Amino acid sequence: MSPTKIVDARVLVCSPGRNFVTLIVQTDDGVMGYGDATLNGRELAVASYLRDHLVPLLIGRDPSRIEDTWQMLFRGAYWRRGPVTMTAIAAVDMALWDIKAKYAGMPLYQLLGGRSRDRMLVYGHATGRDVAETIDAVANLKEQGYEAIRAQSGVPGLEKIYGVSQSGKAYEPADGDLPTTEAWDTAAYLRHVPQLFEALRVKFGDELQLLHDAHHRLSPNEAAQLGRSLEPYRLFWLEDVTPADNPESLRRVRTQTVTPLAIGEVFHSLFDCKLLIQEQLIDYIRASLVHAGGITHWRRIADFAAIYQVRTGCHGATDLSPITMGCALHVGAWLPNFGIQEYMPHQAPIEDVFECDYRFERGYMYCGEAPGHGVSVNEEAASKFPYKRAYLPLNRLKHDGSLWDW
Ligand code: KDG
Ligand code: MG
């Protein structure tokens, strides 16, 4: 049986440990679909976009018309793309796919074309204030069965840096009611990173897959230097070496190093990554389902990437809710050119609010067999965790205090 119309769509903003925005769409016969709409540090802008501009368009629509709804929200707005718009559209799209799969009585991956793989390889995050601490963190993840590990470490002379927890707790970058400030020194970073990976290869040998995130801070030439200096350590990928604004930057990097490159967690659409994919300037595309228009648009990116032998490596930081993870795992189970999935486990009390049927086991994630994308929200529990303003940090050059990319 098919639903006839959407009778309710509501936006839930909650903070069980960190902020999440969720869209809940309900059909006339009571089926609920859930979509993630979280945009770290700008959550309320997406909540308003949904509440004030999209929800009125959804009420009364046929929820089975996913493609037409997507086209209406994207092309019909006149103002296209951008992170707020594309995150809001993604939330609607995930919720409608969830509803369609629930009506079909199938796990979402079946609607996409069925399984291509049994389980999804993930990479975990190892961080330490220095090389020794990072080695311990890698050893710890290895023991948990991870086969691929991203390694970040503090840089001598820099007090605080992206990816490294200062408190001993799990790293959560949106840590201030107002933005905190970090100090940056490119030369110190470029000297340090090869030493970290040298130490990791000496300790763990050749088999372990190692990744690193440069977090958008280098010029094309500096990125090329880093890529070359890391070649002896055979990384799985080097991520976000240059800011994503100029895709042409990657041409210079690509011709200078064979270290595999990944980029795209801040992309919103195929138009952001078209050139990078078409010219085969990257090996992995990192766009996420939540910020790149949901399943409907994201799979167009992935299909386009497949033609050029680019594989996926979906963003999976804690600022993406379990709903995005659920969708990414179903898509990953089907997608022929799936590469790897980032996995940063959410912290308590998130499990009081989100019920998930996916699981992690020994370095791999498994999506569940329940109809839909397998993640739902307990609205009553969510109401106990109200929104708390939180910003990502700012980054300033250590030597003169001018603003840098974070
Ligand atoms: O909100 C910003 C985070 O999602 C980002 O800093 C995480 O770079 C990141 C990653 O690779 O997970
Ligand atoms: Mg990143």
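Note that the coordinates shown come from a computational prediction; the quantities given were computed from them, not determined experimentally. Read the numbers this way: they start at 1 and go in the same order the structure lists the ligands and their atoms. Residue numbers count from 1 along this sequence.
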- Which N, O or S atom of Glu265 lies nearest to the Mg ion (ligand 2), by name: OE1
- Task: Output the list of atoms in ligand 1 that are nearer than 4.0 Å to some heavy atom of Ala317, sorted by atom number.
- Result: 4 (O), 7 (C), 12 (O)
- Message: How far is atom 6 (O) of ligand 1 from the closest protein heavy atom, and which atom is that?
- Response: His215 NE2, 2.8 Å
- Message: Suppose you place the vertex at the Mg ion (ligand 2); what is the angle out to Asp213 OD2 and Glu239 OE2, to 10°?
- Response: 90°
- Query: Which of the atoms of ligand 1 are close to Trp406, meaning less than 4.0 Å from one of its heavy atoms?
  - Reply: 6 (O)
- Query: At what distance is the nearest protein heavy atom to atom 1 (O) of ligand 1, and which residue and atom is it?
  - Reply: Asn40 ND2, 2.8 Å
- Is there an N/O/S atom in Glu342 at a distance below 2.8 Å from the Mg ion (ligand 2)? no
- Message: For atom 12 (O) of ligand 1, what's the nearest protein heavy-atom neighbour? Residue, atom name and distance, please.
- Response: Glu342 OE2, 2.4 Å
- Item | Asp240 near the Mg ion (ligand 2) via N/O/S, less than 2.8 Å | no
- Checking ring-ring contact (aromatic ring centres under 6.0 Å, His included) against Tyr123, which of Tyr364, Phe360, Trp237 comes through? Trp237
- Message: Could you tell me, atom by atom, which parts of ligand 1 come under 4.0 Å of a heavy atom of Arg286?
- Response: 10 (C), 11 (O), 12 (O)
- Message: Are more than 12 heavy atoms, taken from residues, nucleotides or ligands other than Glu67, located less than 6.0 Å from that residue's CD atom?
- Response: yes
- Is a side-chain donor-acceptor pair under 3.5 Å present for Trp97 with Thr296? yes
- Task: Show your reasoning for whether side chain to side chain donor-acceptor pair (under 3.5 Å) applies to Thr186 and Trp184.
- Result: CA-CA 6 Å; Thr186 301; Trp184 177 250; 2.9 Å; yes
- Note on the structure: atom 9 (C) of ligand 1 has as its nearest protein heavy atom Tyr162 OH, 2.9 Å
- Aromatic rings Trp406 and Tyr162: how do their planes relate, parallel, tilted or perpendicular, breaks at 30° and 60°? perpendicular
- Query: Between Arg119 and Glu361, is there a salt bridge with N-O shorter than 4.0 Å?
  - Reply: no
- Query: What are the two closest heavy atoms between Asn378 and Asp352, and how far apart are they?
  - Reply: CB-O, 4.0 Å
- For Glu239, take its heavy atoms, then give the atoms of ligand 1 lying under 4.0 Å from any of them. 11 (O)
- Task: Describe, in one word, how the ring planes of Phe20 and Phe354 are oriented to each other, choosing from parallel (under 30°), tilted (30 to 60°) and perpendicular (over 60°).
- Result: perpendicular
- Item | Numbered atoms of ligand 1 (with element) below 4.0 Å of Asp213, judged on heavy atoms | 8 (O), 9 (C), 10 (C), 11 (O)
- May I ask you to identify the nearest protein heavy atom to atom 3 (C) of ligand 1, giving residue, atom name and distance to one decimal place in Å? Asp319 OD1, 3.4 Å
- Message: Quick check on salt bridge (charged side-chain N to carboxylate O under 4.0 Å, His left out): which of Lys388, Arg18, Lys160 does Asp175 satisfy it with?
- Response: Lys160
- For atom 5 (C) of ligand 1, closest protein heavy-atom neighbour: Glu265 OE2, 3.4 Å
- Task: Can you label the angle between the His212 ring and the Phe197 ring as parallel, tilted or perpendicular, going by 30° and 60°?
- Result: perpendicular
- Min heavy-atom dist Met344 to ligand 1 below 4.0 Å: no
